[in-house]
Amino acid sequence: MSFFFLGERLAVDLLNTVVVQDGRVRDLLQGPRDVAAWAEAAGALPHGALRGSPAGQEPERLRGFRETLRRGLVAWAAGGTPPRGLIALLNRHLARDPEVTEVTASRGNVVTRRRPAGAPLDRLYGAVARSVAELLAGDDPRRLRKCANPACRLMFYDVSKAGRRRWCSMQTCGGQAKARAFYRRRRDGSHGRRADPLQ
Ligand SMILES: [Zn+2]
């Protein structure tokens, strides 16, 4: 099982657990093991954190959460305003994972740190909800996009300076489009006449 981490935001990487492979839509979050594997691979939870936790119903719940987020984020990207229901949903999940401040003292050196206090599953939902909240609060809706390949479902937040990222990856969709454009130009005998728009 390999996941895609090219969304530049945790929440967008969660959306990218639905992929198209060999022309078929495939959901990568099938069972409890997939939930744990994704949470760990995404860095949302430490290794083994979900072991022994009641994750039996979780794939279905997480898939439902993901699709609600997808609808809300797509609406935000299109119109610049998050749906009201999305804000309420985020607050519910943020409340599952409160942070506590801890103070420690060692040889007169006193430090404070904040740590998430929720159970592992709550921390997973909390981390994704925080990612969406930060996206809505501080990011540009016009930079949340779907890959320009119509056959690809992957999404990303464009962090490039120019803000012109079009592809999920240059190794896959971008590279294929570039190769197609190259052969088309060569076939049409227009090689070298115009700049490659994909450069
Ligand atoms: Zn793509």
Side-chain angles (χ1 to χ4, degrees), residues 1-30 34-35 37-45 59 62-83 86 90 124 127-199:
M1 178 73 63
S2 63
F3 299 109
F4 294 90
F5 295 105
L6 44 82
E8 300 287 351
R9 298 289 183 268
L10 179 68
V12 181
D13 286 330
L14 177 64
L15 302 186
N16 289 341
T17 53
V18 180
V19 298
V20 177
Q21 276 171 349
D22 303 322
R24 283 192 190 168
V25 177
R26 203 168 150 230
D27 198 318
L28 301 179
L29 298 179
Q30 293 291 331
D34 302 328
V35 172
W38 183 81
E40 286 170 19
L45 289 177
L62 189 57
R63 289 198 300 263
F65 182 51
R66 178 191 66 198
E67 296 315 310
T68 308
L69 293 183
R70 188 190 309 280
R71 284 191 296 277
L73 285 173
V74 166
W76 175 68
T81 316
L86 177 63
L90 293 178
L124 171 59
V128 173
R130 263 192 307 280
S131 167
V132 178
E134 284 162 11
L135 192 68
L136 298 178
D139 284 336
D140 180 348
R142 290 164 300 183
R143 282 178 172 250
L144 178 66
R145 292 180 211 127
K146 194 190 89 59
C147 175
N149 174 3
C152 176
R153 288 180 60 121
L154 297 179
M155 295 183 69
F156 55 84
Y157 185 76
D158 184 355
V159 294
S160 71
K161 210 169 180 182
R164 289 196 212 109
R165 179 175 167 188
R166 297 183 60 204
W167 311 100
C168 61
S169 154
M170 283 315 289
Q171 271 77 52
T172 55
C173 296
Q176 287 161 18
K178 207 166 156 178
R180 270 198 303 276
F182 175 76
Y183 286 116
R184 202 161 46 231
R185 277 201 309 281
R186 213 162 64 162
R187 188 194 60 206
D188 298 346
S190 58
H191 183 66
R193 252 188 250 156
R194 61 192 162 96
D196 188 338
L198 298 168
Q199 288 293 335

With rounding to the nearest 0.5 Å, note down the distance linking [atom1] in [X] to [atom2] in [Y].
X      : Y      : atom1 : atom2 : answer
Lys146 : Cys152 : NZ    : SG    : 6.0 Å
Arg184 : Arg187 : CZ    : CZ    : 7.0 Å
Arg164 : Asp158 : CZ    : CG    : 10.0 Å
Trp38  : Phe5   : CH2   : CZ    : 6.5 Å

Going by the rule ring-ring contact (aromatic ring centres under 6.0 Å, His included), which residues pair with Phe65 if we only count those two or more places apart in sequence or in a different chain?
His93, Tyr125
Looking only at non-hydrogen atoms, find the nearest pair between [X] and [Y] and report the distance.
X      : Y      : result
Ser131 : Leu10  : OG-N, 3.5 Å
Phe3   : Thr17  : CD2-CG2, 4.3 Å
Gly163 : Ser160 : N-OG, 3.0 Å
Pro83  : Ala75  : CG-CB, 4.0 Å
Leu135 : Tyr157 : CD1-CD1, 3.9 Å

[X] side chain near [Y] side chain, heavy-atom distance below 4.5 Å:
X      : Y      : value
Leu14  : Leu29  : yes
Val35  : Leu124 : yes
Asn16  : Leu28  : no
Leu144 : Asp139 : no
Leu15  : Arg153 : no
Leu154 : Trp167 : no
Leu136 : Leu86  : yes
Met155 : Leu73  : no

Could you go through Arg66 and Asp27, starting from their C-alpha distance and side-chain angles, then the distance that decides it, and tell me whether this counts as side chain to side chain contact (heavy atoms under 4.5 Å, CB included)?
CA-CA 11 Å; Arg66 178 191 66 198; Asp27 198 318; 2.5 Å; yes
Show your reasoning for whether side chain to side chain contact (heavy atoms under 4.5 Å, CB included) applies to Glu134 and Arg9.
CA-CA 9 Å; Glu134 284 162 11; Arg9 298 289 183 268; over 6 Å; no
Would you please test Glu8 and Arg143 for side chain to side chain contact (heavy atoms under 4.5 Å, CB included) and show each step?
CA-CA 11 Å; Glu8 300 287 351; Arg143 282 178 172 250; over 6 Å; no
Quick check: does any side chain N or O of Arg145 sit under 3.5 Å from a backbone N or O of Arg165, one acting as donor and the other as acceptor?
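Yes, because the side chain of Arg145 sits within donor-acceptor range (under 3.5 Å) of the backbone of Arg165.
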